[in-house]
Amino acid sequence: MASAGQALNRPTLPAGYRFSPNNDDLIVYYLKRKILGQQLPADVIPTTDVYASSPDKLPLDDFKGGEANEWFFFSNRSKDDDTIALDGGYYEIDPEGAGPITWEGKIVGYVKTLNFYQGSSPNGTETEWMVEEFRINPEFVPINNNDRSTREKIENLVACKISRVQPEPEWNSQMMIEYCAYLRSRPIHVEDLDANSQFQI
């Protein structure tokens with residue numbers, strides 16, 4: 001895990017840029033290079049144990065420069081169990097969120113999706129949090145069979161995209177009244193009207 005000093009010194013993207021890689025880019029240009037100890041295109045992904053605590057207690061501020069409600073981390077891979085118990089909740093695998101990742105006609109990795117629930121399995125309450133875990137296809141990494149260190153990284157190191165999917169706000173009666181009042185207060189310009197307009201002059 002990166003120390004506090006390392007987190008403070010972590011490079012950030014230039015102004016106007018956002019870190020939002022495609023799934024194949026995340027594996028080919030980031031996870032693979034991380035495993036092989038190569039330089040990354042942008043050193044913006046921190047390392048932490050994603051499954052050590054609930055997502056809202058992770059060091060989300062260590063990741064900078066992403067889209068709203070999205071965070072990326074390198075982490076140890078999750079267990080192969082259908083559920084992963086944590087303090088205050090658990091992750092459960094979403095079968096529809098799993099599949100291979102292809103690049104230039106080759107399978108370079110795999111993704112699985114885990115939703116976070118509060119409470120105890122199997123009666124927990126689904127939350128807004130989810131994790132997409134990306135692991136590399138071992139056949140995509142050329143290594144010496146005697147290289148145990150790299151082989152362990154292939155087996156255990158993954159890239160995780162944590163998302164907080166917030167629902168759209170529901171419109172209540174007061175919001176509708178305020179919106180209608182706003183529309184009535186707007187000036188109508190003649191040049192904005194056409195023959196099909198519902199307004200008459």
Members sharing Val158's hydrophobic cluster, built from side-chain contacts under 4.5 Å between Ile, Leu, Val, Met, Phe, Trp and Tyr, are none

What residues form a salt bridge (charged side-chain N to carboxylate O under 4.0 Å, His left out) with Glu152, not counting sequence neighbours?
none

List in chain and number order the residues that pass side-chain contact (heavy atoms from CB on, under 4.5 Å) with Ser120, two or more places apart in sequence or in another chain; answer none if no residue qualifies.
none

By side-chain contact (heavy atoms from CB on, under 4.5 Å), which residues pair with Asp147, not counting sequence neighbours?
Asn144, Ser149, Thr150

Which residues pass the side-chain contact (heavy atoms from CB on, under 4.5 Å) test with Lys79, sequence neighbours left out?
Asp81

Return the set of residues passing side-chain contact (heavy atoms from CB on, under 4.5 Å) with Arg151 (not counting sequence neighbours), or none when no residue passes.
Ile143, Asn145

Can you list everything that forms a ring pair (Phe, Tyr, Trp, His ring centres under 6.0 Å) with Tyr51? Sequence neighbours excluded, please.
Tyr91

For Asp80, which residues count as a salt bridge (charged side-chain N to carboxylate O under 4.0 Å, His left out) partner, sequence neighbours excluded?
Arg77

For residues 21-38, dump all side-chain donor-acceptor pairs below 3.5 Å to protein atoms at least two apart in sequence or in another chain.
none

Set of residues satisfying side-chain hydrogen bond (donor to acceptor under 3.5 Å, both in side chains) with respect to Ser54, sequence neighbours excluded
Asp56

Could you list the donor-acceptor pairs under 3.5 angstrom formed by side chains in residues 93-110, with sequence neighbours left out?
from  : atom 1 : to    : atom 2 : distance (Å)
Asp94 : OD1    : Glu96 : N      : 3.1

Tell me, please, which residues at least two apart from Lys153 pass side-chain hydrogen bond (donor to acceptor under 3.5 Å, both in side chains).
none

